[in-house]
**Q** 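Sharing a structure here in structure tokens format.
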Amino acid sequence: MSCAIELQRKGISSLIIEKENIVNTIYNFPTHQTFFSSSEKLEIGGIPFITEKQKPVRNQALAYYRTVAERENLRIQPFEKVVSINKKNKLFEVNTEYKAGGENKYLADHVIIASGYYDQQLYGNTW
Ligand SMILES: Cc1cc2nc3c(=O)[nH]c(=O)nc-3n(C[C@H](O)[C@H](O)[C@H](O)COP(=O)(O)OP(=O)(O)OC[C@H]3O[C@@H](n4cnc5c(N)ncnc54)[C@H](O)[C@@H]3O)c2cc1C
């Protein structure tokens, strides 16, 4: 999301492809999980994250990042999983599968992979 915001501000269009809902990793945090970072340290795109206590809990972070996505008008394709990425001439071919069934394909000049760490323990990526 942070990359998408920065690209958008430079006039470069981008699309986030997310296999679940946005900020899925935080969605999967334990319900009452308190972040070890202060809310200020968790800010992205320079958008203030203000909480009563210095360290936010899961639901506050979820609300914050979802508000950021909305406010920044980020283009997000949720519930679509990237299954492979191939370089074809000068473009990347990104192949996806919808959670509800069906496949899709995108051609892109550049690809940023931000598939996290924690989630990989559960599902794994094969590319
Ligand atoms: C319990 C807990 C507490 C934490 N507390 C803190 C803290 O206080 N401060 C801090 O700085 N960090 C904390 N972290 C770490 C922080 O959550 C991660 O560093 C951060 O989420 C990494 O961001 P990311 O965008 O790289 O990956 P993620 O947030 O993991 O995002 C990756 C996304 O990619 C999606 N994805 C994966 N594979 C595919 C695919 N094939 N196709 C489409 N989408 C895919 C996933 O669904 C996920 O939504 C904590 C982590 C845990 C588990």
Side-chain angles (χ1 to χ4, degrees):
M1 281 175 63
S2 194
C3 290
I5 293 170
E6 297 307 324
L7 286 170
Q8 197 160 279
R9 287 180 183 169
K10 287 184 164 47
I12 302 168
S13 85
S14 68
L15 175 71
I16 297 175
I17 303 171
E18 165 57 62
K19 68 177 166 52
E20 298 293 330
N21 210 340
I22 56 162
V23 284
N24 178 50
T25 297
I26 295 170
Y27 177 78
N28 285 318
F29 278 11
T31 314
H32 301 292
Q33 175 75 38
T34 301
F35 281 78
F36 56 76
S37 303
S38 61
S39 42
E40 188 196 308
K41 289 243 159 50
L42 294 164
E43 289 175 357
I44 59 171
I47 298 160
F49 182 13
I50 297 159
T51 49
E52 228 169 80
K53 290 188 180 160
Q54 203 199 8
K55 298 189 177 185
V57 292
R58 169 188 172 273
N59 285 355
Q60 290 171 317
L62 272 181
Y64 169 75
Y65 291 114
R66 286 175 178 171
T67 305
V68 170
E70 226 173 70
R71 222 171 100 176
E72 293 294 311
N73 249 322
L74 296 181
R75 285 176 64 217
I76 300 173
Q77 280 292 119
F79 305 108
E80 190 172 344
K81 182 178 180 174
V82 175
V83 289
S84 66
I85 303 170
N86 304 304
K87 188 97 190 264
K88 292 234 164 139
N89 299 317
K90 286 189 172 164
L91 292 174
F92 289 97
E93 185 187 84
V94 180
N95 297 294
T96 64
E97 282 172 7
Y98 294 113
K99 193 168 185 181
E103 296 172 354
N104 198 1
K105 187 176 290 196
Y106 300 87
L107 289 177
D109 290 323
H110 303 277
V111 172
I112 296 170
I113 300 175
S115 51
Y117 168 76
Y118 293 97
D119 200 57
Q120 304 310 307
Q121 312 302 303
L122 297 175
Y123 305 103
N125 278 316
T126 49
W127 57 60

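First listed ligand is number 1; within each ligand, the first listed atom is number 1. The figures here come from the full heavy-atom set of this structure, side chains too, leaving out hydrogens, waters and symmetry mates.
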**Q** Between Tyr117 and ligand 1, does any nitrogen or oxygen pair lie at a separation below 3.5 Å?
**A**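 For ligand 1, there is no N or O atom that lies under 3.5 Å from one belonging to Tyr117.
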**Q** Do any nitrogen or oxygen atoms of Val82 come within less than 3.5 Å of a nitrogen or oxygen of ligand 1?
**A** yes
**Q** So do Phe92 and Leu107 actually touch side chain to side chain, heavy atoms under 4.5 Å?
**A**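 Heavy-atom side-chain distance check fails, nothing below 4.5 Å.
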**Q** Any N/O of Ser37 closer than 3.5 Å to an N/O of ligand 1?
**A**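 Looking only at distances, the answer is yes, because the N/O contact criterion of under 3.5 Å is met.
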**Q** Taking the side chain as every heavy atom from C-beta outward, state whether Val82 and Tyr106 have any atom pair closer than 4.5 Å.
**A** no
**Q** Which atoms of ligand 1 are found less than 4.0 Å from any heavy atom of Asn24?
**A**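 The list of qualifying atoms is 47 (O), 49 (O).
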**Q** Is Gln33 close to ligand 1, meaning an N/O of one under 3.5 Å from an N/O of the other?
**A** no
**Q** If you count the atoms of ligand 1 from 1 in the order shown, which ones are under 4.0 Å from a heavy atom of Ser115?
**A** 32 (C), 34 (O), 37 (C), 38 (N)
**Q** Once the angle between the rings of Tyr64 and Phe49 is folded into 0 to 90°, is it parallel (under 30°), tilted (30 to 60°) or perpendicular (over 60°)?
**A**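 Rings of Tyr64 and Phe49: parallel, under 30°.
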**Q** Does the side chain of Ile22 come within less than 4.5 Å of Tyr65's, by heavy atoms?
**A** no
**Q** For Val57, is there any backbone N or O sitting under 3.5 Å from a side-chain donor or acceptor partner on Gln60?
**A** yes
**Q** For ligand 1, which atoms have a heavy atom of Thr25 less than 4.0 angstrom away?
**A** 28 (P), 29 (O), 30 (O), 31 (O), 48 (C), 49 (O)
**Q** Would one find an N or O of Leu42, backbone or side chain, under 3.5 Å from an N or O of ligand 1?
**A**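 Leu42 vs ligand 1: no N/O contact under 3.5 Å.
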**Q** Please confirm whether Glu80 comes under 4.0 Å of ligand 1, counting heavy atoms of the residue only.
**A** yes
**Q** Considering only heavy atoms of Ile17, which atoms of ligand 1 have at least one such atom less than 4.0 Å away?
**A** 43 (C), 44 (N)
**Q** Decide yes or no for Ser14 and Arg75: does some side-chain heavy atom of the first lie under 4.5 Å from some side-chain heavy atom of the second?
**A** no
**Q** Any N or O on Glu18 sitting closer than 3.5 Å to an N or O of ligand 1?
**A**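 Yes, there is a polar N/O contact under 3.5 Å.
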**Q** Assess whether a salt bridge exists between Glu97 and Lys19, defined as any Lys/Arg side-chain N lying under 4.0 Å from an Asp/Glu carboxylate O.
**A**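 Lys19 and Glu97: not salt-bridged.
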**Q** Just by distance, no angles: are the side chains of Asn95 and Ser84 close enough, under 3.5 Å, to form a donor-acceptor pair?
**A**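 Yes, Ser84 and Asn95 have a side-chain donor paired with an acceptor closer than 3.5 Å.
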